[in-house]
Amino acid sequence: MKSKKKPMRELWNMIRNNYLYIVLSIFSVMILSLCFQNTINYDEFFSLHWCRFDWKPLMDQLIVDVHPPLYYLVLKVILDLTNDSMFFARLLSAVFCIAFLWGGSLFLKKNFDGLSAIFFACFTYLNPFMIQKATEVRMYMVGSAFAILSGIMAYRIMKGAKRKDWVIFTLSSLTVAYIQYYGLLTMCFLYAGILIYFIVIQDKKNIWAWIKCSIATVIGYLPWLPTALRQITSVNGGYWIEMPGSKLGPIRDLFYSTVPYTQHIFILIMVAFVLVAFFFLVKEKSVEAYWSLVCNSGVWGVLIFSIIYATLVRPILVSRYLIIPICVAFLGMAGVVRYMNKYIILAICALCVVVGLLRYDEALTAQANQNTTKTLAFIEQEIEEEDTIIYTADGYGHLTNCMILYFPELSILRLENFNGNEIHQIITREEDDVWFFDMDVSLKNDEGLQLEGYELEEKGEYGFGSTIFKVYKVIK
């Protein structure tokens with residue numbers, strides 16, 4: 001009997017001693033497993049489409065865009081090396097997500113405790129938005145990785161600054177500034193928090209080090225600063241930025257899930273951790289509690305500023321812009337786990353597991369959807385480069401983006417509205433085959449086409465992800 005128990009005891013000891021590595025390995029596999037999604041969302045189109053440009057047209061586009069250039073330049077290199085592989089484009093985000101999950105968790109385990117690390121890993125990856133964003137072809141994971149590194153360096157600087165800590169902090173924060181502007185604003189809160197800390201403890205040596213760090217950061221950003229100022233001004237009037245449904249709308253929208261009330265529960269948890277940090281800062285003058293507040297200041301500072309600006313001028317914030325500051329906040333939240341009841345922390349982690357697994361199942365189901373694969377195969381087999389594809393515009397533009405990205409070599413005509421006369425003119429002037437991609441399923445009964453002697457041969461139902469349409473070929 002003892003011989004049977006010994007292997008079980010050894011297994012349990014192995015799990016207990018390596019639980020963090022096991023959890024992080026599972027999360028890494030989950031992230032990598034979702035890199036095979038071949039259907040783009042609306043925002044991913046811009047990343048992938050622009051990075052197909054040559055270098056000069058790409059820079060011209062980035063200068064008139066509303067984001068800094070660094071992520072796009074790195075993505076273009078990867079796409080050029082991999083023949084525009086969507087898998088490797090997703091892998092870029094996945095690798096940086098895995099990097100900050102491991103880096104943040106191991107930092108917390110070393111400087112705080114294992115429960116803090118587990119909380120950070122679960123709350124960061126298994127929340128309602130991260131499952132999908134972890135492999136999205138956008139700048140948020142890359143920016144979050146460097147922002148979290150900046151948060152880690154801020155802690156090391158407060159606990160006993162070394163020259164290399166200042167150097168890494170300067171470089172990582174500057175990298176964030178070249179990736180996203182709300183990340184830049186988050187770095188400003190970190191800089192301010194560090195300065196206030198050294199002023200309070202009257203550390204003149206590190207105040208001078210902070211000044212040198214700030215000067216180096218400003219000098220490093222000067223080449224892009226004029227463009228940044230112009231872009232920041234123009235984004236205020238972006239058509240995609242609408243007035244939120246409530247004051248907390250931008251942050252609340254990140255936490256919707258199939259589990260009821262998660263959009264409220266996760267925000268309340270974040271607020272509770274801020275209050276705990278403030279309490280122990282006042283009670284114990286804790287450096288860890290102050291650092292936690294500094295890390296949280298970015299997301300709440302951005303949110304408060306956006307609320308005031310939206311009330312007085314116009315809305316400037318959508319939920320995804322908060323991803324980088326919110327990831328830094330998650331790191332700071334983990335810094336006060338040691339002050340809290342472990343069963344409360346475990347309950348929060350359990351909630352994250354339930355929400356995360358449901359989200360992961362949704363993501364796997366979406367990835368398993370074969371509509372895009374089926375459509376790409378059909379067009380490759382049936383439609384020639386000289387043929388013409390006509391489709392009516394969808395409201396949000398997803399079909400348009402897919403048509404441009406997947407078939408750049410084909411002749412594609414977009415109609416704002418279904419118009420029988422316009423369609424007839426196109427058919428008449430085109431010598432090669434004409435195809436209809438019809439989302440409204442209205443072509444089959446169009447008598448105008450039938451009277452002119454054309455017939456429509458239905459080829460079946462196709463789509464890109466959840467965007468479905470019927471395909472017809474014109475028989476002349």
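For Phe407, the ring-ring contact (aromatic ring centres under 6.0 Å, His included) criterion is met by no residue, not counting sequence neighbours. For Trp435, the side-chain hydrogen bond (donor to acceptor under 3.5 Å, both in side chains) partners at least two apart in sequence or on another chain are Asp387. For the side-chain hydrogen bond (donor to acceptor under 3.5 Å, both in side chains) test, residues two or more places apart in sequence or in another chain that qualify with Asp60 are Lys56. Every residue two or more places apart in sequence or in another chain was checked for a side-chain hydrogen bond (donor to acceptor under 3.5 Å, both in side chains) with Lys212, and none qualifies. With sequence neighbours left out, Ser257 forms a side-chain hydrogen bond (donor to acceptor under 3.5 Å, both in side chains) with Thr262. In this view, Pro408 and Arg52 satisfy the side chain to side chain contact (heavy atoms under 4.5 Å, CB included) rule, not counting sequence neighbours. For Thr467, the side chain to side chain contact (heavy atoms under 4.5 Å, CB included) partners at least two apart in sequence or on another chain are His398, Leu399, Met439. Every residue two or more places apart in sequence or in another chain that forms a side chain to side chain contact (heavy atoms under 4.5 Å, CB included) with Tyr256 is listed here: Arg252, Asp253, Gln263. In this view, Asp432 satisfies the salt bridge (charged side-chain N to carboxylate O under 4.0 Å, His left out) rule with no residue, not counting sequence neighbours. For Leu70, the side chain to side chain contact (heavy atoms under 4.5 Å, CB included) test picks out Val74, Thr175, Tyr178, Ile179, with sequence neighbours left out.
A donor-acceptor contact shorter than 3.5 Å links the side chain of Gln370 to the backbone of Ala368. Without hydrogens or angle criteria, Glu461 side chain to Ile468 main chain gives no donor-acceptor distance under 3.5 Å. Glu458 places no side-chain N or O within 3.5 Å of a backbone atom of Tyr472 that could act as its donor or acceptor partner.
Considering CE of Met86 and CG of Leu91, their distance stands at 14.0 Å, rounded to 0.5 Å. Atom CZ in Arg138 sits 9.5 Å away from atom CD in Gln180 (nearest 0.5 Å). Atoms CE and CD1, from Met30 and Ile26 in turn, are 8.5 Å apart once rounded to the nearest 0.5 Å. Between the CG atom in Leu24 and the OG atom in Ser105 there is a gap of 4.5 Å [rounded to 0.5 Å]. We find the CG-CD1 distance between Leu20 and Ile118 to be 5.0 Å, quoted to the nearest 0.5 Å.
Residues Ser33 and Tyr360 have side chains that bring a donor and an acceptor to within less than 3.5 angstrom of each other. Side-chain polar atoms of Asp65 and Gln231 form no donor-acceptor pair below 3.5 angstrom. Residues Ser47 and Tyr71 bring no donor and acceptor atom of their side chains to less than 3.5 Å of each other.
Between Tyr406 and Thr372 there is a side-chain heavy-atom pair separated by less than 4.5 Å. By the 4.5 Å heavy-atom criterion applied to side chains, Pro128 and Arg359 are counted as neighbours. Side-chain contact check for Thr124 versus Met130: some heavy-atom pair is nearer than 4.5 Å. Counting heavy atoms from C-beta outward, Lys76 and Leu79 have side chains that stay 4.5 Å or more apart. Here the side chains of Ser144 and Ile323 are in contact, with some heavy-atom distance below 4.5 Å. Here the side chains of Met141 and Phe100 are in contact, with some heavy-atom distance below 4.5 Å. Residues Ser25 and Trp102 are in side-chain contact: their nearest non-hydrogen atoms beyond the backbone lie under 4.5 Å apart. Considering only heavy atoms from C-beta on, Phe27 comes within 4.5 Å of Cys122 through its side chain.
Judged by the 6.0 Å and 45° rule, Lys473 forms no cation-pi pair with Phe436.
Sorted by first and then second residue, the side-chain hydrogen bond (donor to acceptor under 3.5 Å, both in side chains) pairs involving residues 83-98 (not counting sequence neighbours) are Glu44-Arg90.
Within a 6.0 Å radius of NZ in Lys133, more than 12 heavy atoms belonging to other residues, nucleotides or ligands are found. For Phe87, the CZ atom sits in a packed shell: over 12 heavy atoms of surrounding residues, nucleotides or ligands are nearer than 6.0 Å.
Exactly one residue among Phe123, Phe120, Tyr125 makes a ring pair (Phe, Tyr, Trp, His ring centres under 6.0 Å) with Phe330. That residue is Phe123.
A salt bridge between Asp165 and Arg156 is present, with a side-chain N of the basic residue lying under 4.0 Å from a carboxylate O of the acidic one.
Nearest heavy atom pair, residue Ser319 against residue Pro250, reads CB-O, 2.8 Å.
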Only distances under 3.5 Å count here; give the side-chain donor-acceptor pairs of residues 217-226 to other protein atoms, sequence neighbours excluded, each with its distance to 0.1 Å.
| residue | atom | partner | partner atom | Å |
| --- | --- | --- | --- | --- |
| Thr217 | OG1 | Tyr191 | OH | 2.6 |
| Thr217 | OG1 | Cys213 | O | 2.8 |
| Tyr221 | OH | Ala177 | O | 3.0 |
| Trp224 | NE1 | Tyr181 | OH | 2.8 |

Assess whether side-chain hydrogen bond (donor to acceptor under 3.5 Å, both in side chains) is satisfied between Asn371 and Asn369, documenting all intermediate values.
CA-CA 6 Å; Asn371 284 338; Asn369 186 314; 3.1 Å; yes
